Amino acid sequence: GDALKTLADVPAPVDFVLLDGWKELYQPVLELLVPKLRKGSVVVADDIFRFRTALAPYVSLMQSGKSGFTSTSLRMAGGLEYSVYQG
């Protein structure tokens, strides 16, 4: 189904999010779930190197220090962005 509809009803708190679907939905899904995250929640985004251009805005946001996350890129398979919510 549509992730934005399906995840709209997920109850809080959310402790872990795996983003591994349509790349253009990574940021909208994250924005939907941020209010439900507790401090210390982990968000992992897959394929950040494989889809470097499409996911550059997402990675930039997560590493900006302005998103509420501490984040690093991991060189595993197609690349993972490992982010911890700081609140």
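Positions are given from 1 along the sequence. The basis for the numbers below is simple: all heavy atoms, side chains too, and nothing from hydrogens, waters or symmetry mates. Given the structure is predicted, the values throughout are model-derived calculations rather than measurements.
- Between Phe16 and Leu18 the shortest side-chain heavy-atom distance falls below 4.5 Å.
- The distance from the CG atom of Leu55 to the CG atom of Asp46 is 9.5 Å, given to the nearest 0.5 Å.
- Under a hydrophobic clustering in which Ile, Leu, Val, Met, Phe, Trp and Tyr are joined whenever their side-chain heavy atoms come within less than 4.5 Å, directly or via other members, Leu61 and Leu19 fall into different clusters.
- Note that CZ of Arg75 and CD1 of Ile48 are 8.0 Å apart. Values are rounded to the nearest 0.5 Å.
- Heavy-atom minimum distance, Leu32 versus Ala8: CD2-N, 3.8 Å.
- If you take OG on Ser64 and CZ on Phe69, they are separated by 10.5 Å, rounding to the nearest 0.5 Å.
- Residue Met76 is grouped with residue Val84 when hydrophobic side chains (ILVMFWY) are merged at heavy-atom distances under 4.5 angstrom, including chains of intermediate members.
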- [ ] Dump the intermediate steps for side chain to side chain contact (heavy atoms under 4.5 Å, CB included) on Ser83 and Gln63, then the final yes or no.
- [x] CA-CA 9 Å; Ser83 310; Gln63 293 184 0; over 6 Å; no
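- Here the closest non-hydrogen pair linking Ala45 and Tyr26 is CB-CE2, 3.7 Å.
- The hydrophobic cluster containing Val44 does not contain Val10, counting ILVMFWY residues as joined when their side-chain heavy atoms lie under 4.5 angstrom apart, directly or transitively.
- At least one side-chain heavy atom of Pro28 sits under 4.5 Å from a side-chain heavy atom of Leu4.
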Open item on the list: Set out, in order, the CA-CA distance, both residues' side-chain angles and the distance that settles side chain to side chain contact (heavy atoms under 4.5 Å, CB included) for Phe49 and Leu80, then state yes or no.
Closed with: CA-CA 8 Å; Phe49 297 141; Leu80 297 173; over 6 Å; no
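- The distance from atom CG of Asp47 to atom NZ of Lys23, rounded to the nearest 0.5 Å, is 4.0 Å.
- With rounding to the nearest 0.5 angstrom, the OG atom of Ser67 is 9.0 Å from the OH atom of Tyr85.
- Side-chain N or O atoms of Tyr82 include none that pairs as donor or acceptor with a backbone N or O of Val43 at under 3.5 Å.
- Side chain of Lys36 to backbone of Pro11: no donor-acceptor contact under 3.5 angstrom is found.
- Atoms CG and CD, on Leu37 and Gln86 in that order, are 11.5 Å from each other to the nearest 0.5 Å.
- Under the 4.5 Å side-chain heavy-atom criterion for grouping Ile, Leu, Val, Met, Phe, Trp and Tyr, Leu7 is not connected to Val42 through any hydrophobic cluster.
- For the residue pair Val59 and Glu81, the shortest heavy atom distance occurs at CG1-OE1, 3.8 Å.
- Linking ILVMFWY side-chain heavy atoms closer than 4.5 Å, directly or via other members, places Val14 and Leu25 in a single hydrophobic cluster.
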